[in-house]
Amino acid sequence: MRRVAIWLAVCGALVACGRSSVAQDGVKLAGQVTTPDGRPVPGLAIGIGRLQRYATLPDAARVTAERQLRTDAGGRFSLTIPPGLGDLSKVVLFTASPIHGNVIYGGVTFDGPAPTAGQTRAAGVKLLDLGVDNLQVFLQVTEAFVRRTELLPMHDGAKLATDLYLPAAEGRWPVILTRTPYNKIGQAQQPAVPGWVAAGIAVVVQDARGRFASSGENLPFWGCGWDGLQDGVETLDWIAAQPWCNGKICTVGGSAGGITQILTAAAPARHLTAQSIGVAFSDSYRHAAYPGGAFSQALIQDWLTGNKFDPQALALFREHQSRDAFWERFDASARADRVTVPALFSGGWFDVFNQGTLDSFMERQHGGGPGAKGTQRLVMGPWPHGRRAQVGELTFPENAMRPPGPDENEWLQFHLKGTRSAAFDTPPVVYYRMGAVGETGAPGNDWQTAADWPMPCTPTPWFAQADGTLSPTAPTVAEAAKSIRYDPANPVPTRGGHNLTIPAGPYDQRPLEQRSDVLVFTSAPLAAPLEITGRVTAKVWVSSSAVDTDVTVKLTDVYPDGRSMLVLDGIRRLRYRLGFTKSELLTPGQVYEVDVDLWSTSLVLNQGHRLRVALSSSNHPRFAANPNTAEGYGGPASVVATNTFHLDRTRPTQIILPVVSRRPGG
């Protein structure tokens, strides 16, 4: 193992070594860890301890850090030393990595993740004085694993840049593969990678076709599946043939890294053992580009341009508005029976790919091929696109970050090394049942488990009434309707919801509910808690003065203080009311029954809360504003439409909730 170079720069006034007082607010210790060639080292542990704590330990005893830091993706770390601690003029600093050469500041090297007490007292150890304000520490470490880059040739001549991180010892190892459009260097700097290599797992990280150091077409997910180009399959074949691979290969990744996995598995993929798939989908058309037939402007346009894909990509997505042959190469849902491996799916109720995660799990769990059917697992939390407790304008309890069941590392250890933890005794479906936030004793805000998805429920309609109420009783009036004037030049702005590049999650919708182009229907206060767990849909009876327009539906949870917190939203482009493979224009003035998919949730509305449904014709820029014309996108102009929503006994506009009844305490 090579020795580690470490050096220290102190910014601020130096004081005498004996000083042990600290500023009233504490002292900040910060710095960065890099390799000698300047690459940041993420996920590396750094231990700090006062020499007095080690003074009485035998020389051979391993020390325990009083504080342990871990570098972020950029190799940076920071710690505030609180006031009141004694003996801060003699502090030991050391690296604590299982796969790097470790050192105590001053140049004393040691093996293992912690030094011995004798090594902390050895000649050459230099002690930090944390009585000095604002210490800035820079560390340099050398790697104790094998790292190299290969250019893998695909059958069409494209070469995919692929970084290998192999345990230093000779051997045949299980492998974790990540394929990404976001730069393989950044993905390899995630904190989990050193831990995997230390556990005897080889890690392979590849730039997707046309991205960063890889050649080929710079188009999203081009070559990830089965249509001519099969980059994922060819990469797996190459790995399986290497002398350092023992034949077990798992793929990991979230978002785009999860989508590539789903496409690869449906190719189908040889030499694939299992997958860990986060916040991803199986069908690019209905889950991402055109849910309800409306273009996902903020998601697709912002993502393609922000990540510098070939401009042709956006043009292609906008050109293929109907579900045509173009989208077949990005639809793994129709090929679930070709998948032969288990996967751990992870998603969020406020994620931009909410329904995509659920559908991908169900397609494989219920209709997968041998090795896939019945072997999938699902975790759904109250999260947006990435796990965090603060979502939109709500902050969920701390338990929201701790789902039961196997985490990704346990999942990979089981499939790659056969190590089965007790977490696998948890049923295969784990989901967070949201509840009222900030209300003591409110039901919900807990983790539930199930043998399968969807959960058994009672589809229960709530009807929009002419007086602006929402009721479980169907309307009895012979004729009733309400109209809005929808102007494409002044669409209803997006405020939260299932977003990626704009704010996501539950936001108070009251600022939008005051608009004249939004119709609001509100229930009476609930006499008892109401749980909805599953997919929410709406049936809307509508007519328009235009030949095309949109119907948007929002479901909100109205708190006793009046906040109207978004739960779900959906849209339907009316030219696609009969299906998405072919458009059919409206006859102005004719009434149509339209289905709107709001996707899925799990929420217990507390007693005293109210349900609210908002109807309109726009939600921009989440969805591109419909110009209300036959030409649609790219047409010469737009027109204002008068859209009428019908609310009577023969045309009852309604939202259908998946109501779940449980025994007390269930």
Side-chain angles (χ1 to χ4, degrees), residues 99 145-185 187-188 190 192-209 211-216 221 223-226 229-253 256-277 338-344 371-372 408-409 411-418:
I99 59 171
F145 53 88
V146 177
R147 177 185 183 274
R148 68 174 184 265
T149 299
E150 301 276 357
L151 292 176
L152 302 193
M154 299 294 103
H155 75 270
D156 69 328
K159 294 184 177 180
L160 305 188
T162 306
D163 286 347
L164 312 180
Y165 298 84
L166 310 178
E170 293 292 331
R172 294 169 63 84
W173 313 102
V175 179
I176 291 174
L177 167 65
T178 295
R179 302 183 63 248
T180 178
Y182 297 132
N183 195 339
K184 59 182 173 57
I185 295 174
Q187 295 296 301
Q190 298 302 311
V193 173
W196 289 335
V197 178
I201 299 172
V203 178
V204 179
V205 188
Q206 182 181 81
D207 282 336
R209 173 178 291 260
R211 304 294 292 165
F212 296 92
S214 291
S215 64
F221 312 117
C224 291
W226 52 86
L229 304 174
Q230 297 189 16
D231 295 348
V233 171
E234 291 188 42
T235 298
L236 287 166
D237 290 349
W238 181 87
I239 293 172
Q242 301 309 300
W244 41 262
C245 175
N246 72 358
K248 291 186 177 294
I249 309 172
C250 286
T251 57
V252 302
I259 298 162
T260 65
Q261 293 186 70
I262 292 173
L263 293 170
T264 296
R270 304 174 291 272
H271 306 302
L272 182 58
T273 303
Q275 299 180 304
S276 177
I277 299 170
R338 293 171 169 83
V339 179
T340 59
V341 296
L344 173 63
E408 181 177 72
N409 188 60
W411 176 258
L412 295 170
Q413 291 287 345
F414 172 68
H415 287 286
L416 291 176
K417 306 187 80 171

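- The shortest heavy-atom contact between L263 and F221 is CD1-CB, 3.9 Å.
- A 6.0 Å sphere centred on NZ of K159 holds no more than 12 heavy atoms belonging to other residues, nucleotides or ligands.
- Evaluated for a side chain to side chain contact (heavy atoms under 4.5 Å, CB included) with V203, the options V252, L177, L164, V193 yield exactly one hit, V193.
- For the atom pair CG (L416) and CH2 (W173), the distance works out to 13.0 Å, reported to the nearest 0.5 Å.
- Residue Q261 forms a side chain to side chain contact (heavy atoms under 4.5 Å, CB included) with just one option from T178, V341, I277, and that option is I277.
- M154 has its side chain within reach of T235: a pair of non-hydrogen atoms, C-beta onward, lies under 4.5 Å apart.
- Closest of all the heavy-atom pairs between V146 and A168 is CG2-CA, 4.2 Å.
- With rounding to the nearest 0.5 angstrom, the CG atom of L344 is 8.5 Å from the CG atom of L412.
- Of the inter-residue distances, the one linking C245 atom SG with L166 atom CG reads 10.5 Å to the nearest 0.5 angstrom.
- Taking every heavy atom of both residues into account, W244 and V175 meet most closely at CZ3-CG2, 3.8 Å.
- Contact record, T273 with K248: OG1-CA, 3.4 Å, taken as the closest heavy-atom pair.
- Under the 3.5 Å distance criterion, the side-chain polar atoms of D207 are matched with a main-chain donor or acceptor of A213.
- Looking at heavy atoms from C-beta onward, R270 lies in side-chain contact with V233 at the 4.5 angstrom threshold.
- Using a 4.5 Å cut-off on side-chain heavy atoms (C-beta onward), E234 and W238 make no contact.
- Side-chain contact between V204 and E150 is absent, with no heavy atoms from C-beta onward closer than 4.5 Å.
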(request) Give the C-alpha distance, both sets of side-chain angles, the deciding distance and a yes or no for side-chain hydrogen bond (donor to acceptor under 3.5 Å, both in side chains) between Q275 and T251. (result) CA-CA 5 Å; Q275 299 180 304; T251 57; 3.3 Å; yes
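- Between T260 and R179, the shortest heavy-atom distance links the atoms OG1-O, 3.6 Å.
- Between C250 and W411, the closest side-chain pair of non-hydrogen atoms is not below 4.5 Å.
- Atom CG of residue N183 and atom CZ of residue R211 lie 9.0 Å apart, to the nearest 0.5 angstrom.
- Among all heavy-atom pairs drawn from A208 and S214, the shortest one is O-CB, 3.3 Å.
- When the options T180, T162, D163 are evaluated for a side-chain hydrogen bond (donor to acceptor under 3.5 Å, both in side chains) with Q206, the one that passes is T162.
- Rounding to the nearest 0.5 Å places OG of S276 at 9.0 Å from CD1 of I176.
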